[in-house]
A.B. asks: 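Quick one: the structure is below, and I'll ask about it shortly.
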Amino acid sequence: MCPKQFLAFTGNIPVDKVDPRIIDAFKVERRRTASPSTVNISLRTVKTFFNTLQRWGLISINPAKEVKQIRIPLDLPPHFSEAEFQLFVDRMADRWLQEIVIFAGMTGLRLGEILNARWEDVDLGQGTLLVRSSEGYTMKAGRMRKIPLNDTCVSLLMNKDSKQGFIFRGRRRGKANTNYVSAQFRKAVRLQGMDQKLHFHSLRHTFSTMLIKKGASLYQIQKLLGHSSPRVTETYAHLQPDELHHVVSRVSICHDANDAPLNQEQ
């Protein structure tokens, strides 16, 4: 499906009249109101749309094929260090919010995934949670996945009073509101004097960076976070130099630097 922003930009123009200049112009216009990563998502969707039309024989050339995506610096999004996250959690006086924050930092789940998670999808014996779409909520990637829960999460869930319906209910015992949780999180960040750039989604990045630094692979991170493409997970690739060095060190041969080269003429 072609993104609605692109259709609004081009207007009622035949698909075979769209050329790279139009798509480049769309990229510039989209950048006025959207982040580089969001623009790139739109460009990939446009490219996929025209790939489908080309496969169907409706156009001969994909006009988006040569349009370059915006280069995004490898700087990590705002996140807590492991020590900062521990300190942040320890200082939280609001137990209700604290539990949600801990669960987010220990699973990397999106806020919507957490607030829509239900007890019937939890297996405390196996230490797993089935993350899936439900009535009124559609997962961003649209794909169901089962994630492992560490001891911290299992202990947190075992100590909860109610084990029916939503795992993390609102203060009035109904479904929690994502905007309210996000606002309370920002308030806690501000009260503790933490980096004001931190927002709830930063807990997802916190989870990823902690795992990467402890030796997890990008493939494992991709599966845990539910990324539909490895491209998104590559944000964390530059955190792996020590791990890559360790991997390369597994391969070696015996060699004495004092020995003459085997093909040296005598």
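If you read the sequence from its start, that first residue is 1, and numbering goes on from there. Here the structure is a predicted model, which is why all the values come from computation and not from measurement.
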A.B. asks: Answer whether the closest heavy-atom distance between the side chains of L157 and W119 falls below 4.5 Å.
C.D. replies: yes

A.B. asks: Do the side chain of T10 and the main chain of I13 share a donor and acceptor less than 3.5 angstrom apart?
C.D. replies: no

A.B. asks: Which atom names give the shortest non-hydrogen contact between P63 and P20, and what distance separates them?
C.D. replies: O-CG, 3.4 Å

A.B. asks: Judged by atom type as modelled, is there a donor-acceptor pair below 3.5 Å linking the side chain of Q222 to the main-chain atoms of Y219?
C.D. replies: no

A.B. asks: If you apply the rule side-chain contact (heavy atoms from CB on, under 4.5 Å), what do you find for V122 with L124, and how did you get there?
C.D. replies: CA-CA 6 Å; V122 176; L124 290 176; 3.7 Å; yes

A.B. asks: Looking at side-chain heavy atoms only, is the closest gap between M210 and M106 below 4.5 Å?
C.D. replies: yes

A.B. asks: Between Q196 and M194, is there a donor-acceptor pair closer than 3.5 Å when you use the side chain of the first and the backbone of the second?
C.D. replies: yes

A.B. asks: Got L203 and H79 here, is their nearest side-chain heavy-atom distance under 4.5 Å?
C.D. replies: no

A.B. asks: Apply side-chain hydrogen bond (donor to acceptor under 3.5 Å, both in side chains) to K163 and list each qualifying residue two or more places apart in sequence or on a separate chain.
C.D. replies: none

A.B. asks: Do you know the tightest heavy-atom contact between I212 and A216?
C.D. replies: CD1-O, 3.6 Å

A.B. asks: Report yes if the side chains of L211 and L224 come closer than 4.5 Å at any heavy-atom pair, otherwise no.
C.D. replies: yes

A.B. asks: If you group Ile, Leu, Val, Met, Phe, Trp and Tyr by side-chain heavy-atom gaps below 4.5 Å, do L58 and F49 land in one group?
C.D. replies: yes

A.B. asks: Look at D94 together with R171 and state whether they make a salt bridge at an N to O cut-off of under 4.0 Å.
C.D. replies: yes

A.B. asks: Just by distance, do the side chain of D19 and the backbone of I22 share a donor-acceptor pair under 3.5 Å?
C.D. replies: yes

A.B. asks: So does R169 get a backbone contact from the side chain of W96, meaning a donor-acceptor N/O pair under 3.5 Å?
C.D. replies: yes

A.B. asks: Decide yes or no for L109 and L129: does some side-chain heavy atom of the first lie under 4.5 Å from some side-chain heavy atom of the second?
C.D. replies: yes

A.B. asks: Does either side chain, that of N51 or that of K65, offer a donor lying less than 3.5 Å from an acceptor on the other one?
C.D. replies: no

A.B. asks: If we ignore hydrogens and angles and just use 3.5 Å, is the side chain of Q220 paired with the main-chain N or O of S217 as donor and acceptor?
C.D. replies: yes

A.B. asks: So which heavy atom on A188 is nearest to which on M92, and how close?
C.D. replies: CB-CE, 4.5 Å

A.B. asks: Could you please spell out the steps behind the side-chain contact (heavy atoms from CB on, under 4.5 Å) verdict for F6 and I23?
C.D. replies: CA-CA 8 Å; F6 184 70; I23 300 176; 4.1 Å; yes

A.B. asks: Decide yes or no for H205 and P77: does some side-chain heavy atom of the first lie under 4.5 Å from some side-chain heavy atom of the second?
C.D. replies: yes

A.B. asks: Backbone N or O of F168 within a donor-acceptor pair of the E99 side chain at under 3.5 Å?
C.D. replies: no

A.B. asks: Taking it one step at a time, do L198 and F88 satisfy side-chain contact (heavy atoms from CB on, under 4.5 Å)?
C.D. replies: CA-CA 12 Å; L198 291 166; F88 180 68; over 6 Å; no

A.B. asks: Would you please indicate yes or no on a ring centroid separation below 6.0 angstrom for F80 and F207?
C.D. replies: no

A.B. asks: Do L43 and N40 touch side chain to side chain, with heavy atoms closer than 4.5 Å?
C.D. replies: yes

A.B. asks: Given E113, which of R118, R132, R145 fulfils the salt bridge (Lys or Arg N to Asp or Glu O under 4.0 Å) condition?
C.D. replies: R145

A.B. asks: With heavy-atom distances below 4.5 Å as the criterion, would you say the side chains of F103 and L149 are in contact?
C.D. replies: yes

A.B. asks: State whether a side-chain donor-acceptor pair under 3.5 Å links S42 with T45.
C.D. replies: no

A.B. asks: Using modelled atom types and a 3.5 Å cut-off, is there a donor and acceptor pairing between side-chain atoms of R31 and backbone atoms of A34?
C.D. replies: yes

A.B. asks: Please lay out, stage by stage, how D195 and V189 fare under the test side-chain contact (heavy atoms from CB on, under 4.5 Å).
C.D. replies: CA-CA 7 Å; D195 186 348; V189 168; 5.9 Å; no

A.B. asks: Please confirm whether the backbone N or O of T152 pairs with a side-chain atom of S155, one donor and one acceptor, at under 3.5 Å?
C.D. replies: no

A.B. asks: I'd like to know if the side chain of T48 and the backbone of R44 have a donor-acceptor N/O pair within less than 3.5 Å.
C.D. replies: yes

